[in-house]
K.L.:
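Have a look at the structure that comes next, please.
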There are 2 protein chains.
Amino acid sequence: MDRDQTDKDDEASAHERPTLKTLAFMTGLGVTTVSRALKDAPEIGAETRRRVQLVARQIGYRPNRAGVRLRTGKTNVISLVLNTEREIMSFVSDIIYGVSEVIADTPYHLIVTPYSRSQDPLDPIRYLVETGSADGVIISRTQPNDPRARYMLERGIPFATHGRTDMGLIHPYHDFDNYAFAAEAVRHLAGIGRRRLALLTPPVGLTYHGHTVNGFADALSEVGASEVPFNTVSIDHSIEQIRMRTAQLMRRDDRPDGFVSSAAAATLAVVAGIEDAGLKLGRDVDVVSKQSSDLLHLFRRELLVVNENFRLAGSELARSVLGLIGGAAPGSLQSMSLPGEVVAYRG
Amino acid sequence: MDRDQTDKDDEASAHERPTLKTLAFMTGLGVTTVSRALKDAPEIGAETRRRVQLVARQIGYRPNRAGVRLRTGKTNVISLVLNTEREIMSFVSDIIYGVSEVIADTPYHLIVTPYSRSQDPLDPIRYLVETGSADGVIISRTQPNDPRARYMLERGIPFATHGRTDMGLIHPYHDFDNYAFAAEAVRHLAGIGRRRLALLTPPVGLTYHGHTVNGFADALSEVGASEVPFNTVSIDHSIEQIRMRTAQLMRRDDRPDGFVSSAAAATLAVVAGIEDAGLKLGRDVDVVSKQSSDLLHLFRRELLVVNENFRLAGSELARSVLGLIGGAAPGSLQSMSLPGEVVAYRG
DNA sequence: GTGACAATCTGTAACGTTTCAGTGTATTGA
DNA sequence: TCAATACACTGAAACGTTACAGATTGTCAC
């Protein structure tokens with residue numbers, strides 16, 4: 001009996017958190033055996049394995065994350081990197097929920113790593129990589145030539161991007177088909193007789209800005225409608241600015257009779273601007289907008305909406321990173337989400 | 001020269017992450033000395049201290065979190081516990097940003113711990129406590145008699161609640177003065193001639209439901225207005241349900257001529273319901289609503305709003321938890337945020 | 001010159017885990 | 001009978017950190 005040998009301090013103690021040592025003592029085995037039994041290693045006898053796992057379950061053993069992390073370097077952490085000021089609000093919580101859903105029955109934790117406007121977006125990524133704080137990273141506001149993606153690709157850090165890049169490099173992503181969205185929006189507007197369309201774009205510099213612009217332009221020429229330039233603002237601008245610019249635009253003679261807007265909050269401003277100019281939605285002008293929660297049709301029943309599901313995006317992104325960590329091929333972890341139909345008010 | 005003694009594997013290696021051992025080698029000191037020098041221990045010579053800190057800064061030393069955590073039990077993690085389905089969306093991201101701001105220049109990380117409707121809200125807390133996953137916890141959806149608060153208080157886990165409890169126990173919190181909000185809203189409505197008011201309440205069971213109801217009731221009798229009961233829904237209900245119930249209510253003869261709404265999203269539904277019943281905002285009925293982002297006035301210019309700053313709440317909560325961890329008295333870490341004035345459309 | 005005492009510095013052990021290199025025992029083949 | 005081999009298990013070491021209990025100086029009083 002090597003009991004008296006082993007228990008120099010542990011065991012008896014009231015109710016500490018159980019460790020491998022505790023399990024080893026209870027089962028009469030060595031810590032090594034217990035460790036391997038718990039992870040179904042082949043060199044452990046079937047009965048022993050079952051026995052250890054039973055006891056572990058009974059006493060609610062949970063591996064100490066710090067121990068594992070120190071020994072193996074595995075953090076069991078997925079980091080979601082967010083821009084503190086720019087990210088559209090509802091977007092964030094939906095993504096978080098989506099990620100959470102997927103992560104829920106894995107050993108992974110979600111940590112939110114913020115960065116602010118003043119910082120280089122690469123900063124938080126560098127921090128994560130240098131300190132080895134995460135096994136996987138999710139980034140958004142993806143650019144065609146994204147230094148963050150390049151950086152992580154170089155160091156072999158698993159990551160997924162919300163939005164595609166365009167660097168000829170393969171990595172996991174999830175993206176909404178903004179080309180299709182813009183094109184569909186234009187077709188719909190043309191279908192209800194609108195000929196002079198304006199586009200409120202995503203932030204210049206982000207990949208989906210290009211997609212949106214292209215979809216818009218291609219569909220314009222397809223349906224033979226024309227563009228009214230509206231480049232002075234993007235959805236990143238403040239509500240006030242968008243509103244003001246829209247009002248300015250709508251007071252001109254060559255004003256558009258249709259709008260395509262890439263974000264719900266911005267659409268509120270566009271509509272306000274339209275009304276500031278004394279025009280009426282649905283009569284003088286129609287607006288197709290993306291939205292992520294089902295609220296725009298309450299705002300103005302005349303609004304035309306296309307839904308983008310950010311919760312889904314979060315889930316897909318989480319799945320991708322986990323897949324990549326699990327050794328799947330990056331190319332197999334890319335997904336697109338297609339826009340639904342343009343929907344008019346169904347009330 | 002004990003160099004040749006020490007470097008059995010380390011040092012030479014291309015560019016591993018520096019550890020205390022690396023620093024010890026570079027400075028010619030022992031790891032213990034380096035460790036203490038970095039934390040300004042008094043028994044280290046002033047010059048040595050400076051020297052070590054200089055070198056550490058130069059090579060970008062950062063303590064290994066797993067090492068610290070394993071040795072000391074300190075996780076340097078603050079956990080924000082969120083209900084995956086119920087939490088109002090914009091709320092979440094604002095809180096997260098608020099917390100992030102405060103946490104940014106501390107060694108703390110923010111982890112988001114979700115739980116879903118099906119679960120006992122205590123589950124995630126138990127998990128955090130049992131696995132020792134966080135040094136501090138922030139919870140929301142606080143109840144008057146909150147089992148989570150009680151649980152953490154019992155085990156001495158530092159936490160702060162968004163919203164107060166009412167158990168006679170002292171703990172850090174941040175709360176918006178919903179009593180004052182409801183009372184002010186009522187006074188304002190009375191001031192513009194509204195006499196029959198309805199209240200769309202916070203979720204029953206949460207502490208601020210009571211606060212809101214009380215503020216509403218007290219102000220009603222103060223101004224001599226009367227209440228039109230509207231208890232069938234709360235802001236937790238779906239947009240559709242709130243809308244339907246509002247419409248029902250507004251079609252009755254004894255309909256209210258004023259509404260107080262505790263959340264912006266719900267207000268959209270209330271307004272939709274009002275209009276479904278063929279009534280007009282500002283003429284037949286006025287609505288005072290809380291909002292957390294400045295969007296409601298775009299929705300309907302007739303809306304009356306009171307702003308609640310969730311980013312501030314996040315910051316305050318983070319400050320509180322950090323303060324508590326730092327040893328401050330819980331009673332000194334309680335804060336209230338007062339509602340601003342009821343603002344009409346300033347367009 | 002000795003003992004006491006600061007002032008600095010140091011090695012060892014421990015936190016919980018996994019990996020490496022075994023150890024012992026039974027089974028097999030010859 | 002002996003070696004070879006498979007099987008089931010084990011101790012020691014290591015990950016990076018900090019706490020504990022010294023160790024090595026030099027200074028000072030006597």
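Chain letters run A, B, ... following the sequence lines, proteins first and then strands; every chain starts at 1. In this text the structure is predicted, and so the values were computed from the model without any measurement.
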K.L.:
Restricting to pairs with a member in residues 317-327 of chain A, which pass salt bridge (Lys or Arg N to Asp or Glu O under 4.0 Å), not counting sequence neighbours?
P.N.:
E316(A)-R319(A)
K.L.:
May I have all residue pairs that pass salt bridge (Lys or Arg N to Asp or Glu O under 4.0 Å) and include part of residues 96-111 of chain B, sequence neighbours excluded?
P.N.:
E101(B)-R311(B)
K.L.:
For E16(A) and dA14(C), give me the distance from atom CD to atom C1', rounded to whole Å.
P.N.:
14 Å
K.L.:
Without decimals, in angstroms, what is the distance between F25(B) CZ and dT10(C) P?
P.N.:
14 Å
K.L.:
Identify every side-chain donor-acceptor pair in residues 149-157 of chain A under 3.5 Å, counting partners at least two apart or on other chains, and give the distances.
P.N.:
| unit_1 | atom_1 | unit_2 | atom_2 | d |
| --- | --- | --- | --- | --- |
| R150(A) | NH2 | N145(A) | OD1 | 2.9 |

K.L.:
Under 4.0 Å, heavy atoms only, any strand: does T72(B) hit a base, just the sugar-phosphate, or nothing?
P.N.:
sugar-phosphate
K.L.:
Quick one: which protein N/O atoms are closer than 3.5 Å to N/O atoms of nucleotides 4-9 of chain D? Pair and distance per line, please.
P.N.:
| unit_1 | atom_1 | unit_2 | atom_2 | d |
| --- | --- | --- | --- | --- |
| dC9(D) | OP1 | T48(A) | OG1 | 2.6 |
| dC9(D) | OP2 | G45(A) | N | 2.8 |
| dC9(D) | OP2 | T48(A) | OG1 | 3.1 |

K.L.:
In whole angstrom, give the distance that lies between atom NZ of K39(B) and atom P of dG16(D).
P.N.:
16 Å
K.L.:
Would you find a donor on one side and an acceptor on the other, under 3.5 Å apart, between the side chain of T27(B) and the backbone of L23(B)?
P.N.:
yes
K.L.:
Scan residues 59-66 of chain A against DNA chain C and write down, sorted by residue number, each residue with any heavy atom closer than 4.0 Å; if none is found, say none.
P.N.:
Y61(A), P63(A), N64(A)
K.L.:
Any side-chain N or O of S35(B) below 4.0 angstrom from OP1/OP2 of dT18(D)?
P.N.:
yes
K.L.:
Please give, in whole Å, the distance from dT17(C) C1' to L70(B) CG?
P.N.:
8 Å
K.L.:
Atom CZ of R17(B) to atom P of dG16(D): distance rounded to whole Å?
P.N.:
9 Å
K.L.:
Going by the salt bridge (Lys or Arg N to Asp or Glu O under 4.0 Å) test, which pairs reach into residues 28-44 of chain B, not counting sequence neighbours?
P.N.:
R36(B)-E43(B), D40(B)-R49(B)
K.L.:
Could I get the full list of ring-ring contact (aromatic ring centres under 6.0 Å, His included) partners for H174(A), not counting sequence neighbours?
P.N.:
none
K.L.:
Side chain to side chain contact (heavy atoms under 4.5 Å, CB included) with P107(A): which residues, sequence neighbours excluded?
P.N.:
N76(A)
K.L.:
Nearest whole Å is fine: how far is dA14(D) P from L20(A) CG?
P.N.:
20 Å
K.L.:
Could you give all pairs that pass the salt bridge (Lys or Arg N to Asp or Glu O under 4.0 Å) test and reach residues 52-72 of chain B, with sequence neighbours left out?
P.N.:
none
K.L.:
Heavy-atom count around L54(A) CG within 6.0 Å, excluding the residue itself: above 12?
P.N.:
yes
K.L.:
From NZ of K21(A) over to C1' of dA12(D), roughly how many Å is that when rounded to an integer?
P.N.:
14 Å
K.L.:
Let me know the distance between CZ of R71(B) and C1' of dT17(C), rounded to the nearest Å.
P.N.:
16 Å
